[in-house]
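A, B, ... follow the sequence lines: proteins, then strands. Residue 1 opens every chain.
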Number of protein chains: 2
Amino acid sequence: MNPQAEPLCEEPHSQRRETRKPSVDEAALGRAAELFAALGDPPRLRLLALLAQGPACVSDLAEDEQEGMSTISQRLKVLRAASLVRRRRQGKHVIYALADQHVVDLVFNALAHASEAQVVGKSKE
Amino acid sequence: MNPQAEPLCEEPHSQRRETRKPSVDEAALGRAAELFAALGDPPRLRLLALLAQGPACVSDLAEDEQEGMSTISQRLKVLRAASLVRRRRQGKHVIYALADQHVVDLVFNALAHASEAQVVGKSKE
DNA sequence: TCATCATTTCAATAATCGTTCAACCGATGA
DNA sequence: TCATCGGTTGAACGATTATTGAAATGATGA
């Protein structure tokens, strides 16, 4: 839909059609919001960016981020709850990786978009 | 990059190449996180879903959402700070619309993805 | 089995975020 | 100019959310 169409405000309330759907699917909306919320924290997003370079265990991530394992583990828990990362055990280590290619693309796209979008404000695409 | 590659944990620390980049662009990461965070709240995402049906003024949105204008305005402020919506004045009204087609797609994709992803847990795309 | 290493969980504290109401602003029309 | 309507802002409060260290778990090797 064209983002620059005519608003309803112009017509008098009396003869307005009921254009807007009563409600969006609340469940889907909640899941989508949860996914975005998990992505919406710099330390967690940085963790995903690290994982975009390849799988890693918690201690490696903790070293890279200069944080305690507990902190990293808590963040990974949030990312896992949002199905953004997957884990598997390998001996004593637990290896984390981005859940699928879709997430890889999402992270790269977000960073690319954010890299190009600053300074002037980027009015069109 | 393939999400299921070999983790660094396997090789001994001593002879590990410095594979991981020292740090991601922090500024871009921060902006990307801010964008996701703005999307990561059900009421705000619902507002965007409403705007995906066409531009609207604050009072219409308030009516649709059954909320006070102040609340709606505060939410729109967050969305605007993340460059997700645009506003223009029209007489007494302030008309909000999704910032561009890119945002329209983002919202629709998120909702579509969340609609298909439930129930079983969705292990592969 | 015991000791140890890697990781997770728990609980408490600190920080952040969303909502609300009241005051304020900006445009309109009398 | 004043009154009014639509919208915004600011501050206070309550509710989430993140971080931290300590205790618990799980796998390994002696």
Side-chain angles (χ1 to χ4, degrees), chain A residues 7-13 16 29-30 33-48 50-51 55-82 84-97, chain B residues 7-13 16 29-30 33-48 50-51 55-82 84-97:
Chain A
L8 273 55
C9 289
E10 290 315 275
E11 316 170 26
H13 267 76
R16 261 200 215 158
L29 196 142
E34 190 188 2
L35 187 143
F36 283 134
L39 290 163
D41 178 62
R44 277 195 301 262
L45 195 51
R46 198 181 307 119
L47 215 43
L48 288 177
L50 264 178
L51 288 177
C57 64
V58 181
S59 25
D60 280 349
L61 292 170
E63 190 181 321
D64 281 338
E65 297 280 55
Q66 306 257 75
E67 300 255 20
M69 279 195 300
S70 179
T71 302
I72 301 296
S73 185
Q74 298 271 24
R75 289 176 188 159
L76 288 169
K77 188 183 186 175
V78 175
L79 295 175
R80 213 161 76 89
L84 287 165
V85 300
R86 217 180 260 168
R87 71 171 166 183
R88 68 192 141 98
R89 209 168 237 291
Q90 202 162 98
K92 288 181 185 175
H93 294 271
V94 176
I95 312 295
Y96 280 84
Chain B
L8 272 57
C9 290
E10 292 314 275
E11 315 170 26
H13 267 77
R16 260 199 217 161
L29 195 141
E34 189 188 5
L35 188 144
F36 284 134
L39 291 163
D41 177 63
R44 278 194 301 261
L45 196 51
R46 199 180 308 119
L47 215 42
L48 289 177
L50 264 179
L51 289 177
C57 64
V58 181
S59 26
D60 280 349
L61 293 170
E63 189 180 321
D64 282 338
E65 299 280 55
Q66 307 255 74
E67 301 256 19
M69 278 196 301
S70 178
T71 303
I72 300 296
S73 185
Q74 297 272 20
R75 289 175 188 160
L76 288 168
K77 188 182 186 177
V78 175
L79 295 174
R80 214 161 77 88
L84 286 166
V85 300
R86 221 182 258 165
R87 70 172 166 183
R88 68 192 141 99
R89 206 170 240 288
Q90 203 162 99
K92 288 182 185 174
H93 294 273
V94 176
I95 312 294
Y96 280 82

Those residues that, when tested against [X], pass side chain to side chain contact (heavy atoms under 4.5 Å, CB included) (two or more places apart):
{"X": "A:A37", "value": "none"}
{"X": "A:R80", "value": "A:V85, A:R87, A:Y96"}
{"X": "B:S59", "value": "B:C57, B:M69, B:H93"}

OP1, OP2 of [N] versus side-chain N and O of [X]: anything below 4.0 Å?
{"X": "B:Y96", "N": "D:dG6", "result": "no"}
{"X": "B:T71", "N": "C:dT19", "result": "no"}
{"X": "B:R44", "N": "C:dC17", "result": "no"}

**OP:** Pick base, sugar-phosphate or nothing for A:G91, based on heavy-atom distances below 4.0 Å to the nucleic acid.
**Re:** sugar-phosphate
Original post:
Hey, does B:S59 reach any base, or is it just sugar-phosphate, or nothing, if we go heavy atoms under 4.0 Å?
Top reply: sugar-phosphate
Between atom [atom1] in [X] and atom [atom2] in [N], what is the gap in whole Å?
{"X": "B:E67", "N": "D:dG7", "atom1": "CD", "atom2": "C1'", "answer": "16 Å"}
{"X": "B:R89", "N": "C:dT28", "atom1": "CZ", "atom2": "P", "answer": "8 Å"}
{"X": "B:H93", "N": "C:dG26", "atom1": "NE2", "atom2": "C1'", "answer": "14 Å"}
{"X": "B:R87", "N": "D:dG7", "atom1": "CZ", "atom2": "C1'", "answer": "9 Å"}
{"X": "B:E65", "N": "C:dT19", "atom1": "CD", "atom2": "C1'", "answer": "14 Å"}
{"X": "B:I95", "N": "D:dG7", "atom1": "CD1", "atom2": "C1'", "answer": "12 Å"}
{"X": "A:Q90", "N": "C:dT7", "atom1": "CD", "atom2": "C1'", "answer": "15 Å"}
{"X": "A:D60", "N": "C:dA6", "atom1": "CG", "atom2": "P", "answer": "10 Å"}

Original post:
Can you name the residues that form a salt bridge (Lys or Arg N to Asp or Glu O under 4.0 Å) with B:E65, not counting sequence neighbours?
Top reply: none
Original post:
Got a sec? Which of residues 72-80 of chain B come in under 4.0 Å of DNA chain C, heavy atoms?
Top reply: B:Q74, B:R75
**OP:** Among C:dC10, D:dG7, D:dT9, find the nucleotide with the atom closest to the side chain of A:S70.
**Re:** C:dC10
**OP:** Please name all residues satisfying side-chain hydrogen bond (donor to acceptor under 3.5 Å, both in side chains) with B:R44, sequence neighbours left out, ordered by chain then number.
**Re:** none
Subject >> Counterpart residues, side-chain hydrogen bond (donor to acceptor under 3.5 Å, both in side chains), relative to A:Q74 (two or more places apart) >> reply: none
Original post:
Of the non-hydrogen atoms in A:L51 and A:A56, which two are nearest, and what is the gap between them?
Top reply: CD2-N, 4.0 Å
Subject >> Non-hydrogen atoms of A:A62 and A:I72 that approach each other most closely >> reply: CA-CG1, 3.7 Å
Polar atom pairs between nucleotides 1-4 of chain D and protein, under 3.5 Å, N or O only, would you list them?
none

**OP:** Quick one: which residue pairs count as a salt bridge (charged side-chain N to carboxylate O under 4.0 Å, His left out) with a foot in residues 69-78 of chain A, not counting sequence neighbours?
**Re:** A:E67-A:R75
